[in-house]
Amino acid sequence: MIEVQNLTKQYGAKKAVDSLTFTVNDGEILGFLGPNGAGKSTTMNMLTGYISSTSGKALINGVDILDDPINAKKNIGYLPEIPPLYLDMTVKDYLNFVYDLKKCKIPRKAHLEDVCGLVKITDVYERIIRNLSKGYKQRVGLAQALIGNPPILILDEPTVGLDPKQIIEIRTLIKKLGKKHTVILSSHILPEIQAVCDRVIIINKGKIAADDTTENLTKNITTDYRLIARIDGAREEVLKTIKGISGVISVSADMEREKGVYDYEIETKEDADIRRELFKRVAARNWIILGLKSSEMTLEDIFLKITMDDSFELKMKKSSGYKAETASADEEKSSAEENSGKTADENSKEAEE
């Protein structure tokens, strides 16, 4: 289990990560999202002991990463955004080197064969890493994270450079690993996060903006309950019929999709399920329902709303239990002065985040 308590990283007057607090439970796959510069890579680097925090704690299975880094890191398999590869080594030599570095106790030959089979690099085992494609290099990086069978995996953009088939294979592997490991997964491929992760944390400007399942985030973000029904029937009569269903707030018809067929966007009251009644009324008039779907927000919609709309972000914090803070004029002025007074070194560090 991972426990993060008021974790902060500060470069001069700039807080790259600002008092993050969250927990990742055993066997959970957590999606860790944020726009560029939000502080997510900095957070992951602090969790793995790659850089130190300014204040706060990161506990890895109860061990503080700063107080006892060696024992804490024994629990972690880490794949950074740029895999830590020695390009002049063969895959075999490199993985054996990592095996020795981690002081792994699992039988060497069988363990390395299992890891290579999992990430599908057995066919390049004897090749020099420099000569591999970007996708294979990424898989070798994932293999080194798996050596030693660590209980916690922290994966920063694990599918970068992979083709669609490989992405599906790694996605399936991550879901499989999530049954026995705690996984933190960072990715800019939002459908991937939505498909794999049990829970999502979105950080923005160094702070947690949202922490919940995708389904619950959708409920918190929108008060709209909409269905889209594609119906073959007389347009005005269909509109009138749908408006007469109990629980319907409004209905509108989209453009004609094919002759006599329209998409009807139906907004309903909260918790009103009109699907069965809709079917009965349409069938009674010998119309045909060609399609019916809910117009729920995707993770991409959620991400954009939270990270691009400041007023909406405050609403999310309030609904998720986070204290909404309104900056005073003095605070805004101070923030502007801090940004304008940053050194070149600080700007460089921010760009790396």
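Please read all numbers here as calculations on a predicted model, not as lab measurements.
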- Query: Where the side chain of Thr54 meets the backbone of Gln10, is there a donor-acceptor pair that is under 3.5 Å apart?
  - Reply: yes
Review point. Is it true that the NZ or CZ of Arg139 lies under 6.0 Å from the centre of Tyr136's six-membered ring and within 45 degrees of the ring axis?
Key: yes
Please check if the number of heavy atoms outside Arg275 that lie under 6.0 Å from its CZ is greater than 12.
no
Exercise. Above 12 or not: heavy atoms from other molecules or residues under 6.0 Å from OH of Tyr50?
Worked result: no
Taking Met1's backbone N and O only, do any of them form a donor-acceptor pair with Asn61's side chain (distance below 3.5 Å, no angle check)?
yes
Please check if the side chain of Asn75 supplies one atom and the backbone of Asn71 the other of a donor-acceptor pair under 3.5 Å. yes
For Leu87, is the CG atom crowded, meaning more than 12 foreign heavy atoms sit under 6.0 Å from it? yes
Here the salt bridge (charged side-chain N to carboxylate O under 4.0 Å, His left out) pairs for residues 247-256, sequence neighbours left out, are Asp254-Arg257
Quick note, salt bridge (charged side-chain N to carboxylate O under 4.0 Å, His left out) partners involving residues 89-111, not counting sequence neighbours, are Asp100-Arg108
Within the supplied structure, the quantity of interest is the number of heavy atoms (other residues, nucleotides, ligands) at a distance under 6.0 Å from Leu132 CG; does it exceed 12? yes
| Are the side chain of Asn6 and the backbone of Gly56 linked by a donor-acceptor contact shorter than 3.5 Å? | no
Next item on the list: Take Ile128 and Thr90 through the test side chain to side chain contact (heavy atoms under 4.5 Å, CB included) and record every step on the way to the result.
Entry: CA-CA 4 Å; Ile128 295 174; Thr90 64; 4.2 Å; yes
